[in-house]
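None of the values given here were measured: they were computed from a predicted structure.
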2 protein chains.
Amino acid sequence: MATVDTTRGGEAQRTLRADARRNRERVLAAASAAFAEEGFDVGVAAIARRAGVGTGTLFRHFPTKLELEVAVVLERAAGMSENLQAALAEPDPWEAFTTLMTRIVEQTSSDRCLGQATKPELLGDPRIQELQDELLRGVEEILRRGRDAGVLRRDVTAEDIPVLASAIGTTMERFRTSQPELWRRYLGVVLDGLRADGAAPLEPGPPGPDLLSGTC
Amino acid sequence: MATVDTTRGGEAQRTLRADARRNRERVLAAASAAFAEEGFDVGVAAIARRAGVGTGTLFRHFPTKLELEVAVVLERAAGMSENLQAALAEPDPWEAFTTLMTRIVEQTSSDRCLGQATKPELLGDPRIQELQDELLRGVEEILRRGRDAGVLRRDVTAEDIPVLASAIGTTMERFRTSQPELWRRYLGVVLDGLRADGAAPLEPGPPGPDLLSGTC
DNA sequence: CGCTAACCGGAGCGGCCGCTCCCCTTGTGC
DNA sequence: GCACAAGGGGAGCGGCCGCTCCGGTTAGCG
């Protein structure tokens with residue numbers, strides 16, 4: 001489950017020349033780093049330069065910039081899958097939940113593209129939707145444990161988690177250099193607001209599946 | 001205090017022809033509406049069209065787009081001042097705090113430019129900094145009452161409030177049409193995380209004055 | 001070793017955006 | 001009412017960005 005296959009449908013490029021394969025990897029790595037540091041706003045020229053190739057080469061492997069963004073986001077999903085595994089391995093339900101939230105928010109705070117992955121063009125992509133659904137099922141399992149143990153408020157849904165994570169993550173972007181650990185402060189507030197004891201019931205409904213969620 | 005003078009230093013345009021004054025107002029109103037609906041990303045052409053003037057006219061009154069953004073944000077500050085007054089008028093300390101948070105988050109959720117007002121070019125402007133400081137002093141008063149009454153956790157600072165508000169507000173942007181009241185849900189979580197009972201102490205320090213805050 | 005198809009790269013295209021320039025219009029004081 | 005300065009408006013400039021096109025290069029196979 002944790003393995004993410006970025007070569008979906010993967011028989012298209014079976015015969016790929018050695019240099020082509022290498023360049024594809026370099027572009028993907030450069031995009032991954034650039035998106036993490038500067039967000040999706042970086043120009044393709046900067047990515048190509050960073051990869052040591054021309055823009056022509058970049059666009060052969062990824063016919064559009066959005067395609068490149070999708071590839072990077074799918075790659076990130078592997079990390080999120082790891083977060084889920086780590087949380088599921090935690091015996092104590094509350095510890096499992098806090099582990100999940102901490103890891104997600106930590107990554108979202110240090111990686112600009114994770115917070116920006118909520119933009120509609122990306123969420124509309126079927127490959128990303130599929131992966132998101134898979135991750136949400138894992139999150140639901142963590143939440144169920146917490147609710148059953150009576151440590152987590154009962155009205156939290158899986159869809160709330162990416163929303164809360166991206167809220168903290170994107171807002172912390174401008175403190176990344178000055179106070180890189182500041183996200184812990186606000187995660188603390190949210191976690192206190194999500195524990196079972198003494199919480200008022202949540203307001204309207206959870207965000208429906210109509211328009212949902214960050215990359216989780 | 002609630003009065004915000006957008007004509008700072010205001011003796012420059014004392015002799016302003018009638019049509020010029022009227023056009024200036026129309027541009028400001030158009031920008032205000034456009035920024036609220038679409039954020040600061042809208043082009044100046046769209047604003048000018050909306051105001052029924054040419055771009056030349058727009059740039060005479062506001063020599064740069066940033067200047068126009070500043071003018072709109074300063075205008076918004078009046079609304080925030082009202083929020084403060086409403087909260088200060090509330091006798092119960094917790095009610096005062098929730099009133100403040102609710103009004104701030106509500107406005108930030110329905111007005112895109114409020115969430116985007118955290119960008120450095122705007123926060124760097126001395127007029128905005130001055131206004132922000134004034135608002136923060138009012139917020140501090142509300143927090144002091146809550147802490148003294150023992151209903152609010154003691155480690156919350158005034159700088160936390162705009163951070164939390166813009167976190168919720170900007171994240172709710174993509175639900176504005178589908179679920180315009182969703183912000184209440186997450187505000188509820190945050191408020192529960194901020195009340196005095198049963199909360200763990202907040203993590204690192206508050207955001208220092210080095211790089212601070214949304215428009216509040 | 002040589003041939004060919006696959007691949008590389010960057011000049012350049014079209015479109016957008018903030019901003020300027022300048023000719024024409026219009027409000028205002030005498 | 002006239003003269004003139006102040007204001008209005010939009011064509012156009014420069015720069016950026018995603019993307020394409022094509023001449024030169026190179027890997028891979030027999």
Option passing side-chain contact (heavy atoms from CB on, under 4.5 Å) with L100(B) (candidates V105(B), L88(B), V139(B)): V139(B)

Stepwise salt bridge (Lys or Arg N to Asp or Glu O under 4.0 Å) check, R145(B) with E95(B): CA-CA 11 Å; R145(B) 289 192 198 174; E95(B) 204 64 37; over 6 Å; no

4.5 Å side-chain heavy-atom contact, L191(B) and F97(B): yes

Close side-chain approach of R127(B) and L131(B), heavy atoms under 4.5 Å: no

R103(A): which of T108(A), T98(A), N83(A) passes side-chain hydrogen bond (donor to acceptor under 3.5 Å, both in side chains): N83(A)

Any N23(B) side-chain nitrogen or oxygen under 4.0 Å from OP1 or OP2 of dG7(D): no

OP1 or OP2 of dG9(C) under 4.0 Å from side-chain N/O of T57(A): yes

Phosphate contact (dG7(D) OP1 or OP2) by H61(B) side-chain N/O below 4.0 Å: no

Whole-Å gap separating P (dA11(C)) and CZ (R49(A)): 13 Å

Atom pair OG1/CD of T157(B) and E140(B) - distance to nearest 0.5 Å: 7.5 Å

Contact pattern, 5' to 3', of nucleotides 11-30 of chain D - B, S or - by protein heavy atom under 4.0 Å: B------SBB-----BSS--

Length of the line joining E25(A):CD and dC8(C):P, which is rounded to integer Å: 13 Å

Salt-bridge criterion met for E141(B) and R144(B) (N-O under 4.0 Å): yes

Angle between terminal axes - the helix from dC1(C)-dG30(D) to dC30(C)-dG1(D), 5 pairs each end, rounded to 10°: 10°

Whole-Å distance separating the CG atom of L58(B) from the P atom of dG7(D): 15 Å

Using a 3.5 Å cut-off and no angle test, enumerate the donor-acceptor pairs between side-chain atoms of residues 33-52 of chain A and protein atoms at least two apart in sequence or in another chain.
| unit_1 | atom_1 | unit_2 | atom_2 | d |
| --- | --- | --- | --- | --- |
| E37(A) | OE1 | R50(A) | NH2 | 3.4 |
| E37(A) | OE2 | R50(A) | NH2 | 2.9 |

